[in-house]
Number of protein chains: 2
Amino acid sequence: MADDELFKALGDPTRRLILDELVEKSGQTLFEICSRLSMKHRLGISRQGVSQHLAVLEAAGLVESRREGRYKFHDLNTAPLRRITERWPAPGGSEAKENTP
Amino acid sequence: MADDELFKALGDPTRRLILDELVEKSGQTLFEICSRLSMKHRLGISRQGVSQHLAVLEAAGLVESRREGRYKFHDLNTAPLRRITERWPAPGGSEAKENTP
DNA sequence: ACCATAGGCAAGTCCACGCTTGCCTATCAA
DNA sequence: TTGATAGGCAAGCGTGGACTTGCCTATGGT
């Protein structure tokens with residue numbers, strides 16, 4: 001299953017916080033995310049730790065990155081999350097697939 | 001976070017298969033789920049293993065159980081899954097909350 | 001040229017978690 | 001009561017993964 005990487009990525013609380021931060025502000029660099037986790041969430045984690053988390057999130061397709069000079073900007077991509085609600089649809093069944101008509 | 005249990009529950013591939021089986025047929029017993037995993041998915045797992053998985057799914061609110069005599073039936077509850085798409089809404093924002101109008 | 005910044009790679013540690021094994025309880029049928 | 005079925009509890013093993021530490025590359029400023 002390709003879903004393995006998606007659910008594994010969501011399995012860690014620190015990675016979920018990173019997604020939260022990317023919702024608030026798109027296109028952050030690694031250092032920017034580091035300092036945000038440290039400031040707002042009192043998260044004592046090394047830069048490498050965050051870097052590894054971002055790699056997992058990228059493998060899951062939840063984060064996309066673009067390089068510019070010596071900076072690397074990270075953007076959130078929520079599209080893979082749809083696979084979750086599609087796999088186990090609500091019993092009502094009306095909102096299984098809602099696309100813009 | 002109470003979300004910890006939800007995402008932890010979804011993190012294991014065997015547990016996701018159990019949810020799949022409960023979508024197909026609601027109200028299965030432990031032994032029924034065991035044999036289904038073994039037959040359809042060639043899953044070599046002990047009864048205790050499945051039992052522990054069901055406990056995790058129940059803690060996450062994804063599975064509800066009811067006892068009747070010596071049987072314990074398990075039902076799927078997809079409601080907690082909504083918290084995922086609500087936490088990281090799609091950028092379009094039109095489908096953040098879709099309720100039956 | 002130099003140094004600081006932004007990031008990557010690799011090895012090593014440590015703990016949570018998936019799974020098994022063994023034994024125990026409860027309900028139903030003969 | 002005896003036996004079979006459905007399930008629970010607890011201890012133990014082994015592996016994956018989160019995190020750190022140390023060193024390396026590349027870009028930009030002065």
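Below, read A as the first sequence line, B as the second, and so on, with proteins coming before strands; counting in each chain starts at 1.
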J.: How long is the line joining CG of Leu30(B) and C1' of dC9(D), in whole Å?
T.: 14 Å
J.: Would you compute the distance between atom CG of Leu62(B) and atom OG1 of Thr78(B) and round it to the nearest 0.5 angstrom?
T.: 8.5 Å
J.: Calculate, to the nearest 0.5 Å, the distance between atoms CZ and CD belonging to Phe73(B) and Glu64(B) respectively.
T.: 15.5 Å
J.: May I have the distance from Leu17(A) (atom CG) to dC19(D) (atom P), rounded to whole angstrom?
T.: 11 Å
J.: Report, one line per pair, each donor and acceptor closer than 3.5 Å where one atom sits in a side chain of residues 49-59 of chain A; sequence neighbours left out.
T.:
unit_1: His53(A); atom_1: ND1; unit_2: Arg15(A); atom_2: NH1; d: 3.1
unit_1: Glu58(A); atom_1: OE1; unit_2: Ser65(A); atom_2: OG; d: 3.0
unit_1: Glu58(A); atom_1: OE2; unit_2: Ser65(A); atom_2: OG; d: 3.3

J.: In Å, rounded to the nearest 0.5 Å, how long is the span from CD1 of Ile18(A) to CG of Leu30(A)?
T.: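 One gets 9.0 Å once the value is rounded to the nearest 0.5 Å.
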J.: With rounding to the nearest 0.5 Å, note down the distance linking CG in Leu43(B) to OG1 in Thr14(B).
T.: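 The CG atom of Leu43(B) sits 5.0 Å away from the OG1 atom of Thr14(B).
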J.: Scan residues 58-72 of chain B against DNA chain C and write down, sorted by residue number, each residue with any heavy atom closer than 4.0 Å; if none is found, say none.
T.: Gly69(B), Arg70(B)
J.: CG of Leu10(A) versus P of dG17(D): gap in Å, rounded?
T.: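 Between P of dG17(D) and CG of Leu10(A): 15 Å.
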J.: Please determine whether a side-chain nitrogen of the Lys or Arg among Asp4(B) and Arg16(A) lies less than 4.0 Å from a carboxylate oxygen of the Asp or Glu.
T.: yes
J.: Taking atom CD of Glu24(B) and atom CG of Asp20(B), what is their separation to the nearest 0.5 Å?
T.: 8.0 Å
J.: Let me know the distance between CZ of Phe73(B) and C1' of dG7(D), rounded to the nearest Å.
T.: 13 Å
J.: Does this structure show an ion pair linking Glu68(A) with Arg66(A), if we count only N-O contacts that are shorter than 4.0 Å?
T.: yes
J.: Report, as a single string ordered 5' to 3', how protein heavy atoms within less than 4.0 Å touch nucleotides 13-24 of chain C: B base, S sugar-phosphate only, - not at all.
T.: ----SSBBBB--
